[in-house]
Amino acid sequence: QLQLVESGGGLVQPGGSLRLSCAASGFNMDEYYIGWFRQAPGKEREGISYITRTGSSTYYTDSVKGRFTVSRDNAENTVYLQMNMLASEDTAVYYCAADKVARYPPWVWERRWYEYWGQGTQVTVSS
């Protein structure tokens, strides 16, 4: 069964950090480009970060640029999202998604391209 599973979410204070993981099972993650999305209550799901198959290129939206870092360990079949300087507006459910085709912004931010999705992990930033 092909599956993506996110983990690492939780409650963190403003200014804190979290590292999310996205683990793949049933397929080789190194064949896929991975996007990170998030959905805040009452809002559309938005793309925030993207990493190519080898990790040689990464993209970020302005809202997270300079604070979030995406990386991958293909040997572990896992992609990571390091989130620093978290703020209340980062509160959302975070999802990873896999796409087999190389794309570039702004297309990497469109949900329709992604073939597989995880179930999401909740991140809450609050004092």
Side-chain angles (χ1 to χ4, degrees):
Q1 184 178 0
L2 306 177
Q3 198 173 12
L4 288 172
V5 178
E6 302 94 337
S7 61
L11 174 64
V12 62
Q13 292 188 339
S17 298
L18 281 175
R19 188 176 80 155
L20 305 183
S21 298
C22 170
S25 61
F27 65 98
N28 292 326
M29 191 176 252
D30 60 6
E31 297 177 4
Y32 288 82
Y33 303 82
I34 302 297
W36 281 98
F37 291 74
R38 67 184 181 185
Q39 187 166 17
K43 293 190 176 181
E44 292 281 321
R45 191 174 300 187
E46 62 168 347
I48 58 170
S49 183
Y50 178 90
I51 188 166
T52 56
R53 287 170 53 185
T54 63
S56 59
S57 293
T58 56
Y59 305 116
Y60 304 92
T61 53
D62 288 344
S63 59
V64 306
K65 196 176 296 182
R67 301 187 299 125
F68 290 12
T69 303
V70 61
S71 62
R72 66 191 300 159
D73 183 342
N74 286 335
E76 294 294 325
N77 237 21
T78 303
V79 171
Y80 303 98
L81 185 67
Q82 178 66 43
M83 307 187 297
N84 298 329
M85 295 184 287
L86 285 162
S88 57
E89 49 265 37
D90 296 314
T91 294
V93 178
Y94 284 70
Y95 301 88
C96 61
D99 179 6
K100 210 160 189 178
V101 178
R103 304 182 201 277
Y104 301 90
W107 293 278
V108 302
W109 311 131
E110 295 185 19
R111 292 174 287 169
R112 58 181 166 141
W113 304 122
Y114 291 86
E115 185 174 354
Y116 302 112
W117 288 83
Q119 83 292 345
T121 185
Q122 175 70 48
V123 172
T124 302
V125 185
S126 175
S127 55

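The figures that follow rest on heavy atoms only: side chains count, while hydrogens, waters and symmetry mates do not.
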Polar contact flag, side-chain donor to acceptor under 3.5 angstrom, [X]-[Y]:
{"X": "Asn84", "Y": "Ser17", "value": "yes"}
{"X": "Thr124", "Y": "Ser126", "value": "no"}
{"X": "Tyr94", "Y": "Arg38", "value": "yes"}

Q: Using the six-membered ring of Tyr80, assess whether NZ or CZ of Arg19 lies under 6.0 Å from its centre and within 45 degrees of the ring axis.
A: yes
(Q) With side chain to side chain contact (heavy atoms under 4.5 Å, CB included) as the criterion, how do Gln3 and Phe27 come out once you've worked through the C-alpha distance, each side chain's angles and the decisive distance to 0.1 Å? (A) CA-CA 8 Å; Gln3 198 173 12; Phe27 65 98; 5.9 Å; no
Q) Between Ala92 and Ala40, what is the shortest heavy-atom contact and its length? A)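 What the structure gives for the nearest pair is CB-N, 3.7 Å.
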According to a hydrophobic-cluster definition based on side-chain heavy atoms being under 4.5 Å apart (Ile, Leu, Val, Met, Phe, Trp, Tyr only), do [X] and [Y] belong together?
{"X": "Tyr104", "Y": "Phe37", "answer": "yes"}
{"X": "Leu81", "Y": "Leu4", "answer": "yes"}
{"X": "Trp36", "Y": "Val125", "answer": "yes"}
{"X": "Leu2", "Y": "Ile34", "answer": "yes"}
{"X": "Tyr95", "Y": "Trp107", "answer": "yes"}

Between the main-chain N or O of [Y] and the side-chain N or O of [X], is there a donor-acceptor pair closer than 3.5 Å?
{"X": "Asn77", "Y": "Ala23", "result": "no"}
{"X": "Arg103", "Y": "Asp99", "result": "no"}
{"X": "Arg67", "Y": "Gln82", "result": "no"}
{"X": "Thr121", "Y": "Gly9", "result": "yes"}
{"X": "Tyr60", "Y": "Val70", "result": "yes"}
{"X": "Glu6", "Y": "Gln119", "result": "yes"}
{"X": "Tyr114", "Y": "Val108", "result": "yes"}
{"X": "Thr78", "Y": "Glu76", "result": "yes"}

Using 0.5 Å steps for rounding, measure from the [atom1] atom of [X] to the [atom2] atom of [Y].
{"X": "Gln122", "Y": "Leu11", "atom1": "CD", "atom2": "CG", "value": "9.5 Å"}
{"X": "Ser57", "Y": "Ile51", "atom1": "OG", "atom2": "CD1", "value": "9.0 Å"}
{"X": "Phe68", "Y": "Leu18", "atom1": "CZ", "atom2": "CG", "value": "9.0 Å"}

(Q) Tell me whether Glu31 is salt-bridged to Arg53, with the criterion being a basic N under 4.0 Å from an acidic carboxylate O. (A) no
Q) Any salt bridge between Glu44 and Arg111, counting N to O under 4.0 Å? A) yes
Side chains of [X] and [Y], heavy atoms from C-beta outward: is any pair under 4.5 Å?
{"X": "Val123", "Y": "Met83", "value": "yes"}
{"X": "Trp117", "Y": "Arg45", "value": "yes"}
{"X": "Thr61", "Y": "Trp109", "value": "yes"}

Q: Please lay out, stage by stage, how Met29 and Cys22 fare under the test side chain to side chain contact (heavy atoms under 4.5 Å, CB included).
A: CA-CA 10 Å; Met29 191 176 252; Cys22 170; 3.9 Å; yes
(Q) Tell me if the aromatic rings of Trp113 and Tyr33 count as close, with their centers under 6.0 Å from one another. (A)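 That pair fails the under 6.0 Å test.
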